[in-house]
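Data first, discussion second: the structure below is written as C-alpha coordinates.
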Amino acid sequence: MFILFATLPATLISQFNFTEGCQQAYNLVFDLQFDKAQSILKKEEQIQATNLMIPVIENYMDFLAVFISEDETLYNQMQPEKQHRLNRIALAPDNDPMKRLTLAGIQLQWAIVKLKFGQQVGAAWDFRRAFLLVSENNRLFPDHLPNRIAMGVLYSLVGSIPPNFQWIVRLASMRGTVDEGSLMLRQALKECGSSTSWKPLQAEILFYLTYIEMNLRPDKSHAQSLLRLFSPSEELPYLLLYAKSNLLMHLGRNDEALNLLNSRDNSKVRIPFAFLDYMTGECHLRKLEPVEAAIYYSRFLQQYRGKNYRADAIRKLAWSKLIQGDSRSYRDEISRISEAEIGQFDSDKQAHREWQSRRVPDKELLKARLLFDGGYYALAADHLLTLGRPEQMDVNRRVEYYYRFGRIRHEQLNIGEAIMFYDKTIDEGRNLPDFYAANASLKLGEIYESVGKKQQSEKYYSLCLKIMPEEYRTSIHLKAKAGLNRLRAVK
(Lines give C-alpha, C1' and ligand atoms only; values in the text may rest on other atoms or scores of the structure.)
Protein backbone atom coordinates (compact mmCIF):
# COMPACT_ATOMS: atom_id res chain seq x y z
CA MET A 1 0.00 0.00 0.00
CA PHE A 2 1.28 3.86 -0.06
CA ILE A 3 4.32 4.18 2.25
CA LEU A 4 6.09 7.48 1.56
CA PHE A 5 5.66 10.84 -0.09
CA ALA A 6 8.05 13.78 -0.24
CA THR A 7 8.41 15.67 3.03
CA LEU A 8 7.25 19.18 2.26
CA PRO A 9 8.23 22.38 4.11
CA ALA A 10 5.64 24.86 5.29
CA THR A 11 7.86 27.92 5.41
CA LEU A 12 9.61 30.03 2.83
CA ILE A 13 13.10 28.57 2.51
CA SER A 14 15.46 29.64 -0.25
CA GLN A 15 14.33 28.24 -3.62
CA PHE A 16 11.87 25.85 -1.96
CA ASN A 17 9.05 28.32 -1.44
CA PHE A 18 5.90 26.74 -0.07
CA THR A 19 3.75 29.65 -1.12
CA GLU A 20 0.04 29.89 -0.48
CA GLY A 21 -0.57 28.60 -4.00
CA CYS A 22 1.80 25.65 -3.51
CA GLN A 23 0.09 24.81 -0.24
CA GLN A 24 -3.30 24.83 -1.98
CA ALA A 25 -1.93 22.56 -4.71
CA TYR A 26 -0.41 20.22 -2.12
CA ASN A 27 -3.73 19.92 -0.27
CA LEU A 28 -5.53 19.22 -3.56
CA VAL A 29 -3.00 16.51 -4.41
CA PHE A 30 -3.69 14.86 -1.05
CA ASP A 31 -7.37 14.89 -2.05
CA LEU A 32 -6.45 13.49 -5.52
CA GLN A 33 -7.81 16.59 -7.30
CA PHE A 34 -4.93 16.67 -9.76
CA ASP A 35 -6.48 18.90 -12.45
CA LYS A 36 -7.07 21.73 -9.99
CA ALA A 37 -3.64 21.27 -8.46
CA GLN A 38 -1.92 21.39 -11.86
CA SER A 39 -3.79 24.56 -12.78
CA ILE A 40 -2.58 26.28 -9.62
CA LEU A 41 1.01 25.13 -10.17
CA LYS A 42 1.00 26.59 -13.68
CA LYS A 43 0.04 29.96 -12.24
CA GLU A 44 2.76 29.62 -9.59
CA GLU A 45 5.33 28.92 -12.28
CA GLN A 46 4.38 32.12 -14.06
CA ILE A 47 4.95 34.04 -10.82
CA GLN A 48 8.23 32.34 -9.80
CA ALA A 49 9.62 29.87 -12.33
CA THR A 50 12.62 29.08 -10.09
CA ASN A 51 10.49 27.83 -7.17
CA LEU A 52 11.63 24.24 -6.62
CA MET A 53 8.50 23.33 -4.70
CA ILE A 54 6.70 23.19 -8.04
CA PRO A 55 8.63 20.17 -9.43
CA VAL A 56 8.46 18.51 -5.98
CA ILE A 57 4.65 18.68 -5.95
CA GLU A 58 4.45 17.69 -9.62
CA ASN A 59 6.53 14.59 -8.84
CA TYR A 60 4.18 13.86 -5.95
CA MET A 61 1.30 13.81 -8.46
CA ASP A 62 3.15 11.59 -10.92
CA PHE A 63 4.05 9.15 -8.17
CA LEU A 64 0.48 8.85 -6.94
CA ALA A 65 -0.90 8.56 -10.47
CA VAL A 66 1.39 5.61 -11.23
CA PHE A 67 1.10 4.00 -7.81
CA ILE A 68 -2.69 4.07 -7.75
CA SER A 69 -3.21 3.08 -11.39
CA GLU A 70 -0.28 0.63 -11.72
CA ASP A 71 -0.06 1.74 -15.34
CA GLU A 72 3.39 0.57 -16.49
CA THR A 73 3.17 2.58 -19.72
CA LEU A 74 2.59 5.73 -17.68
CA TYR A 75 5.50 4.78 -15.43
CA ASN A 76 7.87 4.51 -18.39
CA GLN A 77 6.65 7.81 -19.83
CA MET A 78 7.38 9.64 -16.58
CA GLN A 79 10.98 8.47 -16.14
CA PRO A 80 12.61 11.31 -18.15
CA GLU A 81 10.62 13.92 -16.20
CA LYS A 82 11.68 12.36 -12.91
CA GLN A 83 15.34 12.63 -13.85
CA HIS A 84 14.85 16.20 -15.05
CA ARG A 85 13.41 17.14 -11.64
CA LEU A 86 16.26 15.45 -9.77
CA ASN A 87 18.80 17.32 -11.91
CA ARG A 88 17.03 20.61 -11.35
CA ILE A 89 16.84 20.20 -7.56
CA ALA A 90 20.50 19.08 -7.43
CA LEU A 91 21.50 22.59 -8.53
CA ALA A 92 20.13 24.10 -5.31
CA PRO A 93 22.74 25.27 -2.75
CA ASP A 94 24.13 22.56 -0.47
CA ASN A 95 23.41 24.70 2.58
CA ASP A 96 19.68 24.56 1.90
CA PRO A 97 18.04 22.13 4.39
CA MET A 98 15.40 21.18 1.83
CA LYS A 99 17.71 20.10 -0.98
CA ARG A 100 18.64 16.65 0.30
CA LEU A 101 15.19 16.04 1.76
CA THR A 102 13.37 16.62 -1.49
CA LEU A 103 15.92 14.59 -3.46
CA ALA A 104 15.43 11.76 -0.94
CA GLY A 105 11.66 12.08 -1.18
CA ILE A 106 11.70 11.65 -4.95
CA GLN A 107 14.07 8.68 -4.73
CA LEU A 108 11.81 7.01 -2.15
CA GLN A 109 8.64 7.59 -4.14
CA TRP A 110 10.05 5.95 -7.24
CA ALA A 111 11.64 3.16 -5.22
CA ILE A 112 8.14 2.27 -4.08
CA VAL A 113 6.84 2.40 -7.63
CA LYS A 114 9.67 0.14 -8.77
CA LEU A 115 8.57 -2.41 -6.18
CA LYS A 116 5.10 -2.29 -7.74
CA PHE A 117 6.61 -3.40 -11.04
CA GLY A 118 8.90 -6.06 -9.59
CA GLN A 119 12.15 -4.08 -9.82
CA GLN A 120 13.40 -4.98 -6.35
CA VAL A 121 17.11 -4.37 -6.88
CA GLY A 122 16.57 -0.93 -8.42
CA ALA A 123 14.21 -0.06 -5.59
CA ALA A 124 16.77 -1.16 -3.00
CA TRP A 125 19.43 1.14 -4.46
CA ASP A 126 17.02 4.08 -4.54
CA PHE A 127 16.09 3.39 -0.93
CA ARG A 128 19.79 3.38 0.00
CA ARG A 129 20.32 6.74 -1.73
CA ALA A 130 17.37 8.22 0.12
CA PHE A 131 18.57 6.96 3.50
CA LEU A 132 22.06 8.40 2.99
CA LEU A 133 20.66 11.76 1.87
CA VAL A 134 18.35 12.09 4.87
CA SER A 135 21.05 10.92 7.31
CA GLU A 136 23.45 13.55 5.98
CA ASN A 137 20.79 16.23 6.16
CA ASN A 138 19.97 15.27 9.73
CA ARG A 139 23.65 15.64 10.64
CA LEU A 140 23.87 19.08 9.03
CA PHE A 141 20.50 20.42 10.18
CA PRO A 142 19.56 18.52 13.37
CA ASP A 143 16.83 20.99 14.39
CA HIS A 144 14.95 20.86 11.07
CA LEU A 145 11.56 19.24 11.82
CA PRO A 146 11.08 17.58 8.38
CA ASN A 147 14.30 15.63 9.05
CA ARG A 148 12.63 13.89 11.98
CA ILE A 149 9.60 13.04 9.87
CA ALA A 150 11.75 11.53 7.12
CA MET A 151 13.96 9.68 9.62
CA GLY A 152 10.88 8.35 11.40
CA VAL A 153 9.58 6.79 8.22
CA LEU A 154 12.98 5.45 7.20
CA TYR A 155 13.73 3.96 10.62
CA SER A 156 10.38 2.16 10.56
CA LEU A 157 11.03 0.72 7.12
CA VAL A 158 14.61 -0.32 7.90
CA GLY A 159 13.34 -2.09 11.01
CA SER A 160 10.95 -4.18 8.94
CA ILE A 161 13.11 -5.11 5.94
CA PRO A 162 12.85 -8.89 5.41
CA PRO A 163 15.92 -11.15 5.50
CA ASN A 164 16.36 -11.39 1.73
CA PHE A 165 17.01 -7.63 1.53
CA GLN A 166 19.25 -7.25 4.58
CA TRP A 167 22.23 -6.90 2.23
CA ILE A 168 21.14 -3.38 1.36
CA VAL A 169 20.92 -2.51 5.07
CA ARG A 170 24.48 -3.72 5.65
CA LEU A 171 25.78 -2.04 2.50
CA ALA A 172 24.48 1.39 3.49
CA SER A 173 25.11 0.94 7.24
CA MET A 174 21.44 1.70 7.76
CA ARG A 175 19.91 1.31 11.18
CA GLY A 176 16.55 1.85 12.81
CA THR A 177 13.60 0.08 14.39
CA VAL A 178 9.86 0.32 13.98
CA ASP A 179 9.43 1.59 17.54
CA GLU A 180 12.05 4.31 17.06
CA GLY A 181 10.45 5.41 13.83
CA SER A 182 6.95 5.47 15.28
CA LEU A 183 8.10 7.52 18.28
CA MET A 184 9.83 10.06 16.02
CA LEU A 185 6.68 10.49 13.96
CA ARG A 186 4.42 10.85 16.99
CA GLN A 187 6.70 13.50 18.44
CA ALA A 188 6.77 15.33 15.09
CA LEU A 189 2.98 15.14 14.88
CA LYS A 190 2.70 16.77 18.29
CA GLU A 191 5.13 19.53 17.31
CA CYS A 192 3.26 20.21 14.09
CA GLY A 193 0.00 20.54 16.02
CA SER A 194 1.42 23.36 18.14
CA SER A 195 3.11 25.17 15.23
CA THR A 196 1.26 27.26 12.65
CA SER A 197 4.10 27.00 10.15
CA TRP A 198 4.34 23.19 10.25
CA LYS A 199 0.66 22.37 10.72
CA PRO A 200 0.12 21.39 7.03
CA LEU A 201 2.39 18.37 7.58
CA GLN A 202 0.03 16.75 10.10
CA ALA A 203 -2.05 14.91 7.49
CA GLU A 204 1.01 13.36 5.91
CA ILE A 205 2.50 12.24 9.24
CA LEU A 206 -0.85 10.71 10.19
CA PHE A 207 -0.84 8.80 6.90
CA TYR A 208 2.62 7.35 7.66
CA LEU A 209 1.67 6.40 11.20
CA THR A 210 -1.45 4.61 9.99
CA TYR A 211 0.63 2.41 7.70
CA ILE A 212 3.19 1.68 10.43
CA GLU A 213 0.68 0.86 13.16
CA MET A 214 -1.39 -1.35 10.84
CA ASN A 215 1.44 -3.31 9.30
CA LEU A 216 4.51 -3.21 11.54
CA ARG A 217 3.35 -3.03 15.18
CA PRO A 218 1.25 -5.80 16.74
CA ASP A 219 -0.25 -3.84 19.64
CA LYS A 220 -3.57 -2.55 18.36
CA SER A 221 -3.81 0.01 21.16
CA HIS A 222 -1.36 2.18 19.20
CA ALA A 223 -3.57 1.99 16.11
CA GLN A 224 -6.64 2.69 18.25
CA SER A 225 -5.07 5.88 19.58
CA LEU A 226 -4.64 7.23 16.05
CA LEU A 227 -8.36 7.30 15.33
CA ARG A 228 -9.02 10.33 17.53
CA LEU A 229 -6.42 12.30 15.56
CA PHE A 230 -8.43 12.17 12.31
CA SER A 231 -10.70 15.05 11.35
CA PRO A 232 -14.46 14.48 10.96
CA SER A 233 -15.23 12.32 7.94
CA GLU A 234 -16.69 15.14 5.84
CA GLU A 235 -13.38 17.03 6.09
CA LEU A 236 -11.05 14.18 5.20
CA PRO A 237 -9.04 14.34 1.97
CA TYR A 238 -9.26 11.13 -0.05
CA LEU A 239 -5.90 9.73 1.05
CA LEU A 240 -6.81 10.13 4.71
CA LEU A 241 -10.29 8.73 4.07
CA TYR A 242 -8.53 5.68 2.61
CA ALA A 243 -6.15 5.52 5.59
CA LYS A 244 -8.88 5.86 8.23
CA SER A 245 -11.09 3.28 6.50
CA ASN A 246 -8.17 0.85 6.41
CA LEU A 247 -7.46 1.52 10.07
CA LEU A 248 -11.08 0.87 11.05
CA MET A 249 -11.10 -2.40 9.09
CA HIS A 250 -7.81 -3.40 10.75
CA LEU A 251 -9.37 -2.80 14.17
CA GLY A 252 -12.44 -4.90 13.37
CA ARG A 253 -14.77 -1.89 13.22
CA ASN A 254 -16.31 -2.97 9.96
CA ASP A 255 -19.60 -1.08 10.18
CA GLU A 256 -17.80 2.21 10.82
CA ALA A 257 -15.43 1.58 7.91
CA LEU A 258 -18.34 0.85 5.59
CA ASN A 259 -20.16 4.01 6.68
CA LEU A 260 -17.04 6.07 6.05
CA LEU A 261 -16.46 4.57 2.60
CA ASN A 262 -20.10 5.19 1.68
CA SER A 263 -19.83 8.81 2.84
CA ARG A 264 -17.16 9.80 0.33
CA ASP A 265 -17.94 12.83 -1.83
CA ASN A 266 -17.91 11.84 -5.51
CA SER A 267 -18.93 15.27 -6.81
CA LYS A 268 -15.35 16.53 -7.22
CA VAL A 269 -13.09 15.66 -10.14
CA ARG A 270 -10.39 13.32 -8.87
CA ILE A 271 -8.13 10.71 -10.41
CA PRO A 272 -9.77 7.26 -10.27
CA PHE A 273 -9.18 5.39 -7.01
CA ALA A 274 -10.78 2.02 -7.73
CA PHE A 275 -9.29 0.41 -4.64
CA LEU A 276 -11.91 2.16 -2.51
CA ASP A 277 -14.52 0.03 -4.29
CA TYR A 278 -12.50 -3.08 -3.48
CA MET A 279 -12.46 -2.05 0.19
CA THR A 280 -16.22 -1.42 0.15
CA GLY A 281 -16.72 -4.90 -1.28
CA GLU A 282 -14.59 -6.30 1.55
CA CYS A 283 -16.75 -4.59 4.17
CA HIS A 284 -19.96 -6.01 2.69
CA LEU A 285 -18.53 -9.51 2.38
CA ARG A 286 -17.41 -9.45 6.01
CA LYS A 287 -21.01 -8.69 6.97
CA LEU A 288 -22.05 -11.73 4.91
CA GLU A 289 -23.77 -9.44 2.38
CA PRO A 290 -22.64 -11.23 -0.79
CA VAL A 291 -24.95 -9.48 -3.27
CA GLU A 292 -23.79 -5.99 -2.25
CA ALA A 293 -20.16 -7.12 -2.11
CA ALA A 294 -20.32 -8.46 -5.66
CA ILE A 295 -21.41 -5.05 -6.97
CA TYR A 296 -18.28 -3.35 -5.63
CA TYR A 297 -15.83 -6.11 -6.57
CA SER A 298 -17.20 -6.02 -10.12
CA ARG A 299 -16.87 -2.24 -10.25
CA PHE A 300 -13.27 -2.51 -9.05
CA LEU A 301 -12.42 -5.05 -11.75
CA GLN A 302 -14.02 -2.91 -14.45
CA GLN A 303 -12.22 0.30 -13.49
CA TYR A 304 -8.82 -0.95 -12.32
CA ARG A 305 -6.04 -1.48 -14.87
CA GLY A 306 -3.33 -2.81 -12.57
CA LYS A 307 -2.59 -6.45 -11.79
CA ASN A 308 -2.55 -6.46 -7.97
CA TYR A 309 -5.75 -7.54 -6.20
CA ARG A 310 -7.44 -8.57 -9.45
CA ALA A 311 -7.18 -12.29 -8.75
CA ASP A 312 -8.27 -11.73 -5.16
CA ALA A 313 -11.30 -9.69 -6.26
CA ILE A 314 -12.32 -12.52 -8.60
CA ARG A 315 -11.90 -15.00 -5.75
CA LYS A 316 -14.10 -12.82 -3.52
CA LEU A 317 -16.76 -12.79 -6.24
CA ALA A 318 -16.57 -16.58 -6.21
CA TRP A 319 -16.89 -16.58 -2.43
CA SER A 320 -19.98 -14.39 -2.68
CA LYS A 321 -21.57 -17.21 -4.69
CA LEU A 322 -20.34 -19.94 -2.37
CA ILE A 323 -21.70 -18.47 0.86
CA GLN A 324 -25.08 -18.26 -0.88
CA GLY A 325 -24.84 -22.03 -1.37
CA ASP A 326 -24.13 -21.90 -5.10
CA SER A 327 -21.00 -24.03 -5.54
CA ARG A 328 -21.48 -24.29 -9.30
CA SER A 329 -21.33 -20.52 -9.73
CA TYR A 330 -18.34 -20.49 -7.39
CA ARG A 331 -16.49 -22.77 -9.83
CA ASP A 332 -17.49 -20.61 -12.79
CA GLU A 333 -16.22 -17.45 -11.08
CA ILE A 334 -12.99 -18.92 -9.70
CA SER A 335 -12.05 -20.19 -13.18
CA ARG A 336 -11.74 -16.56 -14.32
CA ILE A 337 -8.55 -16.31 -12.27
CA SER A 338 -6.82 -18.13 -15.13
CA GLU A 339 -7.09 -14.86 -17.08
CA ALA A 340 -5.61 -12.71 -14.28
CA GLU A 341 -1.88 -12.11 -14.00
CA ILE A 342 -0.44 -13.10 -10.62
CA GLY A 343 -0.04 -9.95 -8.53
CA GLN A 344 2.69 -9.25 -6.00
CA PHE A 345 0.55 -9.58 -2.91
CA ASP A 346 -0.07 -12.75 -0.97
CA SER A 347 -3.85 -12.49 -1.40
CA ASP A 348 -3.47 -12.76 -5.19
CA LYS A 349 -1.08 -15.68 -4.91
CA GLN A 350 -3.48 -17.46 -2.59
CA ALA A 351 -6.32 -16.82 -5.05
CA HIS A 352 -4.31 -18.51 -7.81
CA ARG A 353 -3.52 -21.45 -5.53
CA GLU A 354 -7.18 -21.81 -4.63
CA TRP A 355 -8.13 -21.93 -8.31
CA GLN A 356 -5.33 -24.37 -9.18
CA SER A 357 -6.17 -26.69 -6.28
CA ARG A 358 -9.70 -27.22 -7.64
CA ARG A 359 -10.70 -27.54 -3.98
CA VAL A 360 -13.88 -25.72 -2.94
CA PRO A 361 -13.39 -23.97 0.43
CA ASP A 362 -15.42 -25.11 3.39
CA LYS A 363 -18.45 -22.82 3.27
CA GLU A 364 -19.04 -22.74 7.02
CA LEU A 365 -15.40 -22.10 7.95
CA LEU A 366 -15.34 -19.40 5.30
CA LYS A 367 -18.30 -17.66 6.92
CA ALA A 368 -16.53 -17.78 10.30
CA ARG A 369 -13.41 -16.33 8.72
CA LEU A 370 -15.29 -13.45 7.12
CA LEU A 371 -17.20 -12.63 10.31
CA PHE A 372 -13.92 -12.62 12.22
CA ASP A 373 -12.28 -10.33 9.67
CA GLY A 374 -15.14 -7.88 10.17
CA GLY A 375 -14.75 -7.87 13.94
CA TYR A 376 -17.94 -9.83 14.59
CA TYR A 377 -16.16 -12.13 17.04
CA ALA A 378 -19.12 -13.48 19.01
CA LEU A 379 -20.99 -14.33 15.82
CA ALA A 380 -17.92 -16.05 14.40
CA ALA A 381 -17.44 -18.14 17.57
CA ASP A 382 -21.11 -19.12 17.67
CA HIS A 383 -20.89 -20.22 14.05
CA LEU A 384 -17.83 -22.40 14.71
CA LEU A 385 -19.59 -24.10 17.62
CA THR A 386 -22.26 -25.36 15.23
CA LEU A 387 -19.71 -27.36 13.22
CA GLY A 388 -19.31 -30.29 15.61
CA ARG A 389 -16.26 -31.80 17.35
CA PRO A 390 -12.86 -31.03 15.74
CA GLU A 391 -11.60 -34.55 16.50
CA GLN A 392 -14.08 -35.87 13.95
CA MET A 393 -12.85 -33.52 11.19
CA ASP A 394 -10.14 -34.24 8.63
CA VAL A 395 -6.77 -32.64 9.40
CA ASN A 396 -7.16 -29.66 7.04
CA ARG A 397 -10.54 -28.70 8.44
CA ARG A 398 -9.39 -29.31 12.01
CA VAL A 399 -6.28 -27.11 11.70
CA GLU A 400 -8.31 -24.25 10.29
CA TYR A 401 -10.93 -24.73 13.02
CA TYR A 402 -8.22 -24.47 15.73
CA TYR A 403 -6.70 -21.44 14.04
CA ARG A 404 -10.02 -19.60 13.68
CA PHE A 405 -10.89 -20.20 17.32
CA GLY A 406 -7.41 -19.05 18.37
CA ARG A 407 -7.82 -15.79 16.49
CA ILE A 408 -11.29 -15.21 17.93
CA ARG A 409 -10.22 -15.88 21.53
CA HIS A 410 -7.16 -13.67 21.04
CA GLU A 411 -9.30 -10.72 19.96
CA GLN A 412 -11.71 -11.41 22.82
CA LEU A 413 -8.68 -11.20 25.17
CA ASN A 414 -9.13 -14.80 26.32
CA ILE A 415 -5.38 -15.30 26.06
CA GLY A 416 -5.23 -18.70 27.75
CA GLU A 417 -7.57 -20.29 25.22
CA ALA A 418 -5.90 -18.40 22.38
CA ILE A 419 -2.50 -19.89 23.28
CA MET A 420 -4.02 -23.38 23.50
CA PHE A 421 -5.63 -23.14 20.06
CA TYR A 422 -2.50 -21.58 18.50
CA ASP A 423 -0.32 -24.39 19.85
CA LYS A 424 -2.72 -27.00 18.44
CA THR A 425 -2.61 -25.20 15.09
CA ILE A 426 1.19 -25.34 15.01
CA ASP A 427 1.40 -28.95 16.17
CA GLU A 428 -0.91 -30.25 13.46
CA GLY A 429 -0.43 -27.68 10.72
CA ARG A 430 3.24 -26.72 10.45
CA ASN A 431 3.83 -29.11 7.55
CA LEU A 432 0.70 -28.15 5.64
CA PRO A 433 0.84 -25.59 2.81
CA ASP A 434 -1.69 -23.29 4.52
CA PHE A 435 -0.64 -20.17 6.43
CA TYR A 436 -2.36 -21.09 9.70
CA ALA A 437 0.66 -22.50 11.58
CA ALA A 438 2.96 -19.66 10.50
CA ASN A 439 0.51 -16.99 11.57
CA ALA A 440 -0.25 -18.83 14.81
CA SER A 441 3.50 -18.70 15.56
CA LEU A 442 3.53 -14.98 14.76
CA LYS A 443 0.57 -14.36 17.08
CA LEU A 444 2.19 -16.32 19.92
CA GLY A 445 5.33 -14.22 19.45
CA GLU A 446 3.21 -11.08 19.77
CA ILE A 447 1.41 -12.39 22.88
CA TYR A 448 4.62 -13.19 24.72
CA GLU A 449 6.24 -9.92 23.60
CA SER A 450 3.30 -7.96 25.03
CA VAL A 451 3.84 -9.46 28.51
CA GLY A 452 7.62 -9.10 28.47
CA LYS A 453 8.50 -12.78 27.94
CA LYS A 454 11.25 -12.06 25.42
CA GLN A 455 12.73 -15.56 25.25
CA GLN A 456 9.35 -17.14 24.48
CA SER A 457 8.53 -14.38 22.06
CA GLU A 458 11.80 -14.78 20.16
CA LYS A 459 11.22 -18.53 20.03
CA TYR A 460 7.90 -18.15 18.24
CA TYR A 461 9.00 -15.34 15.93
CA SER A 462 11.95 -17.51 14.88
CA LEU A 463 9.67 -20.53 14.46
CA CYS A 464 7.42 -18.43 12.25
CA LEU A 465 10.35 -17.69 9.94
CA LYS A 466 11.13 -21.40 9.67
CA ILE A 467 7.62 -22.33 8.57
CA MET A 468 7.26 -21.85 4.82
CA PRO A 469 3.56 -21.64 3.95
CA GLU A 470 2.48 -21.26 0.36
CA GLU A 471 0.05 -18.54 1.45
CA TYR A 472 0.81 -15.08 2.89
CA ARG A 473 4.44 -15.98 3.53
CA THR A 474 5.82 -12.56 2.64
CA SER A 475 3.58 -10.50 4.90
CA ILE A 476 3.74 -12.95 7.83
CA HIS A 477 7.53 -13.17 7.71
CA LEU A 478 7.79 -9.38 7.40
CA LYS A 479 5.93 -8.99 10.69
CA ALA A 480 7.96 -11.73 12.40
CA LYS A 481 11.18 -10.02 11.33
CA ALA A 482 9.89 -6.70 12.67
CA GLY A 483 9.11 -8.48 15.95
CA LEU A 484 12.63 -9.89 16.27
CA ASN A 485 14.08 -6.46 15.53
CA ARG A 486 11.98 -4.94 18.31
CA LEU A 487 13.13 -7.58 20.79
CA ARG A 488 16.80 -7.21 19.90
CA ALA A 489 16.61 -3.44 20.08
CA VAL A 490 15.81 -3.54 23.81
CA LYS A 491 18.41 -6.12 24.82
Side-chain angles (χ1 to χ4, degrees), residues 1-8 18 22-42 44 53-86 89 101-117 119 123 126-127 130 149-150 153 157 200-211 236-246 264-266 268-279 300 303-309 344-345:
M1 309 311 295
F2 314 146
I3 304 176
L4 296 169
F5 309 117
T7 302
L8 305 178
F18 201 37
C22 284
Q23 185 171 327
Q24 290 175 357
Y26 167 68
N27 290 335
L28 287 166
V29 169
F30 217 69
D31 196 37
L32 304 184
Q33 297 186 60
F34 284 10
D35 289 345
K36 275 191 177 181
Q38 191 62 65
S39 178
I40 291 172
L41 290 177
K42 285 181 180 179
E44 288 293 308
M53 283 314 306
I54 296 171
V56 169
I57 297 173
E58 286 176 339
N59 193 81
Y60 192 8
M61 283 193 288
D62 286 354
F63 160 69
L64 284 174
V66 174
F67 191 90
I68 290 173
S69 69
E70 293 191 15
D71 186 332
E72 194 163 4
T73 301
L74 185 62
Y75 165 69
N76 291 328
Q77 290 173 350
M78 289 179 173
Q79 288 306 294
E81 192 60 41
K82 166 208 164 187
Q83 192 57 50
H84 172 71
R85 290 169 185 146
L86 287 171
I89 292 170
L101 275 178
T102 51
L103 287 172
I106 292 173
Q107 294 283 10
L108 282 167
Q109 289 171 354
W110 292 102
I112 294 161
V113 169
K114 285 179 180 179
L115 287 175
K116 275 276 190 179
F117 298 114
Q119 300 174 17
D126 284 350
F127 184 81
I149 300 171
V153 176
L157 294 176
L201 292 178
Q202 280 186 297
E204 201 163 337
I205 299 171
L206 189 54
F207 191 93
Y208 301 148
L209 278 169
T210 300
Y211 170 82
L236 287 176
Y238 252 41
L239 287 181
L240 281 190
L241 183 144
Y242 157 79
K244 185 177 181 181
S245 300
N246 245 329
R264 59 189 190 267
D265 178 9
N266 294 317
K268 297 174 182 177
V269 179
R270 297 181 174 90
I271 66 165
F273 197 177
F275 194 72
L276 294 178
D277 286 324
Y278 172 90
M279 292 171 63
F300 167 75
Q303 296 179 354
Y304 184 56
R305 294 294 174 264
K307 66 179 182 179
N308 291 311
Y309 295 104
Q344 287 181 294
F345 298 111

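In what follows, residues are counted from 1 in the order of the sequence shown.
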- Member of Glu70, Gln344, Glu72 meeting the side-chain hydrogen bond (donor to acceptor under 3.5 Å, both in side chains) criterion with Lys116: Glu70
- Message: So, taking the atom named CG in Asn76 and the one named CG in Asp71, what distance separates them when rounded to the nearest 0.5 Å?
- Response: 9.0 Å
- Message: Rounded to the nearest 0.5 Å, what separates atom CZ in Phe34 from atom CG in Leu32?
- Response: 5.5 Å
- Test side chain to side chain contact (heavy atoms under 4.5 Å, CB included) on Ile57 and Phe18 and set out the steps. CA-CA 10 Å; Ile57 297 173; Phe18 201 37; 4.2 Å; yes
- Pairwise side-chain contact, Gln109 with Phe67, heavy-atom cut-off 4.5 Å (strictly under): no
- Could you tell me whether the side chain of Asp31 and the main chain of Asn27 form a donor-acceptor pair under 3.5 Å? no
- Is any side-chain heavy atom of Ile271 closer than 4.5 Å to a side-chain heavy atom of Met61? no
- Query: Of the non-hydrogen atoms in Lys82 and Asp126, which two are nearest, and what is the gap between them?
  - Reply: NZ-OD2, 4.3 Å
- Message: Give me the atom names and distance for the closest heavy-atom approach of Met279 to Ser245.
- Response: CE-CB, 3.6 Å
- Do you know which two heavy atoms are closest between Ala123 and Ala111, and how far apart they sit? CB-O, 3.2 Å
- Check whether any side-chain heavy atom of Met53 sits under 4.5 Å from a side-chain heavy atom of Cys22, and report yes or no. yes
- Message: Return the CG to CG distance between Asn246 and Leu276, rounded to the nearest 0.5 Å.
- Response: 9.5 Å
- Here the pair of heavy atoms bringing Leu101 nearest to Ala150 is CD2-CB, 3.9 Å
- Below 4.5 Å, heavy atoms only, C-beta onward: do Val113 and Phe63 meet side chain to side chain? yes
- Query: Side chains of Lys244 and Leu206: closer than 4.5 Å at any heavy-atom pair?
  - Reply: no
- Query: Is Asp62 salt-bridged to Arg85, going by a charged N under 4.0 Å from an acidic O?
  - Reply: yes
- Query: Between Asp277 and Arg264, is there a side-chain N and carboxylate O pair less than 4.0 Å apart?
  - Reply: yes
- Message: Contact between Gln79 and Gln83 at the side-chain level, heavy atoms closer than 4.5 Å - yes or no?
- Response: no
- Query: Can you tell me how far the CD1 atom of Ile89 sits from the CG atom of Leu103, to the nearest 0.5 Å?
  - Reply: 5.5 Å
- Note on the structure: Rounded to the nearest 0.5 Å, the NZ atom of Lys36 sits from the CG atom of Leu41 at a distance of 14.0 Å
- Message: Taking the side chain as everything from C-beta on, heavy atoms only, tell me whether Ile40 gets closer than 4.5 Å to Tyr26.
- Response: no
- Message: Looking at every non-hydrogen atom in both residues, tell me the closest pair between Asn59 and Trp110 and how far apart they are.
- Response: OD1-NE1, 3.0 Å
- Determine the minimum heavy-atom distance between Ser69 and Leu74, stating which atoms define it. OG-CD2, 4.2 Å
- Task: With the side chain counted from C-beta on, respond yes when Val153 and Leu108 share a heavy-atom pair under 4.5 Å apart, and no when they do not.
- Result: no
- Message: I'd like to know whether NZ of Lys307 has more than 12 heavy-atom contacts from other residues, nucleotides or ligands below 6.0 angstrom.
- Response: yes
- Ring centres under 6.0 angstrom apart (Phe345, Tyr309): yes
- Kindly assign one of parallel, tilted or perpendicular to the pair Tyr238 and Phe273, based on the angle between their ring planes and the thresholds 30° and 60°. tilted
- Item | Parallel, tilted or perpendicular: rings of Tyr304 and Phe300 (30°, 60°) | parallel
- Task: Given side chain to side chain donor-acceptor pair (under 3.5 Å), test Gln119 with Tyr75 step by step and report yes or no.
- Result: CA-CA 12 Å; Gln119 300 174 17; Tyr75 165 69; 3.2 Å; yes
- Query: To the nearest 0.5 Å, how far apart are CD in Gln23 and CG in Leu28?
  - Reply: 11.0 Å
